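The structure under discussion appears below in the form of structure tokens.
Because the structure is a prediction, the values reported are computed rather than measured. Proteins get letters first, then strands, A, B, ... in listed order; numbering begins at 1 in each.
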Protein chains: 2
Amino acid sequence: MATRRPERRNEESASAVIQAALDLCQEVGYRKLSIEGIAARAGVGKNTIYRWWPSKAAVLLDGLLSTMTMDASFPDTGDVRADLKTQMAAGIRTLGGPGLLPHYRALIGEAQHDPELHQALWDRFVSKLSAAAAARIELAQKQGQIRADVDPVLIIELLYGAGYYRRLLTPRTVDQEQIDAIVDLAFQGLAP
Amino acid sequence: MATRRPERRNEESASAVIQAALDLCQEVGYRKLSIEGIAARAGVGKNTIYRWWPSKAAVLLDGLLSTMTMDASFPDTGDVRADLKTQMAAGIRTLGGPGLLPHYRALIGEAQHDPELHQALWDRFVSKLSAAAAARIELAQKQGQIRADVDPVLIIELLYGAGYYRRLLTPRTVDQEQIDAIVDLAFQGLAP
DNA sequence: CTCTGGCGGCACGGAACGTGCCGTCTTGAC
DNA sequence: GTCAAGACGGCACGTTCCGTGCCGCCAGAG
């Protein structure tokens, strides 16, 4: 049994692999992305990839994490409604832009038939964003700007779900207008 | 050029292929589902599959459509809020059950890196559900049960997005409680 | 009767998979 | 200073599945 020793890992190789994966995914698309292709592009043996990552999607996830500075902190101007719009728009600008959307989208897709990736995507990425949003919402609840009798998780699902639904299921795209409309609608409610 | 002649198509073979795909996807999972495997299980030549479907996902989509009776009509008891809960719960019971969820989920996942499948999934399935919901919502708007100044599409995204987000992105599962809470929250709004 | 086209079956070349083995090099323990 | 451990790049292998082409068979249309 070859026990992994991360301290002896060649960081140059690792980042070359990640960069090659990101580049190739952009160029040829996720479908045609292959471990062999990544290894060749990175100038690395296939084994080096298999040694550290369970799948090509895992490489891509590392790439997504390294690209995002993971600064998921929310603004706090005192107006939650505006802050939510600001933050969601910023999210769309980065995650929804041409630089990251293909990778994020491919990961979400792949996670639907890879339970381990699904868990990893949640643990290492989505849950972080969610936690940051929850913190801002809880603050607003304490300040009386949002009903305090509702689980923040539910509010996050309501607000963010709309955008994901539109992106993943429909041919429509997410823009500033939808974000503003969704936040306003969620705050005001459907009742007349 | 061999022009397709649907009228000469062998319906027995077609349904055998679809059934084999559904069964195999349940047994071995979408990842290990292969055209060769489907053909063997169905007692059919590979060509017969390639002749009529562009990909294994397309076969699965046909399977999903044939399984769902596609009765997406909404109840109308006069109380939209209750009707929405009823309908969404019914959706979860079928699409979210063990019989269909694996296939639906695999299709949504695959659609994220297959534009044609994404379009087909929308055109032939999701848009139908969406249209049925939109009709019920418009009725409620005319009856004054829902604010009339909001695009029904946005309301659908708000209500359905939450469940999809939970299912596709988080480790949580969708249950009756979430549905009720989401509908109630959406109607009442986040404002205190 | 004959032609068309779908059918099952088979074979092929190619791509990528995942694994194993090699010789080299670096590193840390003794 | 020596030496074993382990990561590395490179290569080769067997396997699976891909997508295509060709075959002979059969049914329906002209």
Side-chain angles (χ1 to χ4, degrees), chain A residues 1-62 106 109-110 113-117, chain B residues 1-62 106 109-110 113-117:
Chain A
M1 174 63 189
T3 49
R4 294 283 93 86
R5 300 214 173 162
E7 70 273 12
R8 302 190 61 168
R9 184 173 186 176
N10 184 339
E11 293 302 332
E12 282 186 7
S13 294
S15 55
V17 166
I18 290 174
Q19 195 56 49
L22 290 173
D23 292 347
L24 276 176
C25 187
Q26 286 277 13
E27 291 174 22
V28 305
Y30 183 79
R31 296 298 293 274
K32 295 186 178 177
L33 185 65
S34 69
I35 301 270
E36 301 215 280
I38 297 171
R41 164 80 72 119
V44 145
K46 271 200 296 179
N47 273 337
T48 302
I49 299 182
Y50 282 111
R51 210 180 333 258
W52 299 107
W53 290 279
S55 66
K56 63 178 181 178
V59 180
L60 229 45
L61 176 56
D62 275 2
E110 193 70 8
H113 26 260
D114 181 341
E116 293 187 9
L117 176 67
Chain B
M1 174 63 189
T3 50
R4 294 283 93 85
R5 300 217 172 159
E7 68 275 12
R8 303 186 63 169
R9 183 172 185 178
N10 184 339
E11 293 302 331
E12 283 186 5
S13 294
S15 56
V17 167
I18 290 173
Q19 195 57 48
L22 292 172
D23 293 346
L24 276 176
C25 186
Q26 287 277 11
E27 291 173 23
V28 306
Y30 183 79
R31 296 299 294 272
K32 294 187 179 175
L33 184 65
S34 69
I35 301 269
E36 303 220 42
I38 296 172
R41 164 79 73 117
V44 144
K46 270 200 297 177
N47 273 336
T48 302
I49 299 181
Y50 283 111
R51 211 182 331 260
W52 300 106
W53 290 278
S55 66
K56 64 178 181 176
V59 180
L60 230 44
L61 176 56
D62 274 3
E110 192 69 7
H113 26 261
D114 180 341
E116 293 188 9
L117 176 67

Nucleotide by nucleotide, 5' to 3', does protein get under 4.0 Å of the base (B), only the sugar-phosphate (S), or neither (-) in nucleotides 20-30 of chain D, counting heavy atoms? BBB----B---
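- Distance CD1 (B:I38) to P (D:dG19): 11 Å, rounded to an integer number of Å.
- Taking atom CZ on A:R31 and atom P on D:dC18, their separation rounds to 11 Å, with Å as the unit.
- Atoms CD (A:E12) and C1' (C:dC25) sit 14 Å apart, rounded to a whole Å.
- An OP1 or OP2 oxygen of C:dG8 is reached within less than 4.0 angstrom by a side-chain nitrogen or oxygen of B:S13.
- Distance, B:I49 CD1 to D:dC17 P: 13 Å, rounded to whole Å.
- Distance check, rounded to the nearest 0.5 Å: CD1 of A:I38 to CG of A:L60 gives 7.5 Å.
- If you take CD of B:E36 and P of C:dA15, they are 17 Å apart, rounded to a whole angstrom.
- For the pair B:L33 CG and D:dT16 P, the computed distance is 16 Å after rounding to whole Å.
- Rounding to whole angstrom units, CD of residue A:E11 and P of C:dT27 are separated by 13 Å.
- Residues A:I49 and A:I35 approach most closely at CD1-O, 3.9 Å, considering heavy atoms.
- Here the CG atom belonging to B:L33 is positioned 10.5 Å from the CZ atom belonging to B:R41, to the nearest 0.5 angstrom.
- If you take CD1 of B:I35 and P of D:dG19, they are 6 Å apart, rounded to a whole angstrom.
- Between the NZ atom in B:K32 and the CD atom in B:E27 there is a gap of 12.5 Å [rounded to 0.5 Å].
- A tilted orientation is assigned to the rings of A:H113 and B:Y30, their planes being inclined by 30° to 60°.
- Rounding to the nearest 0.5 angstrom, the gap separating the OG atom in A:S13 from the CZ atom in A:R51 is 9.5 Å.
- Here B:W52 does not reach the OP1 or OP2 of C:dG5: none of its side-chain N or O atoms lies under 4.0 Å away.
- No side-chain heavy atom of B:W52 sits under 4.5 Å from any side-chain heavy atom of B:N10.
- A residue-by-residue look at A:S34 and B:N10 shows that B:N10 has its nearest nucleotide of DNA chain C further toward the 5' end.
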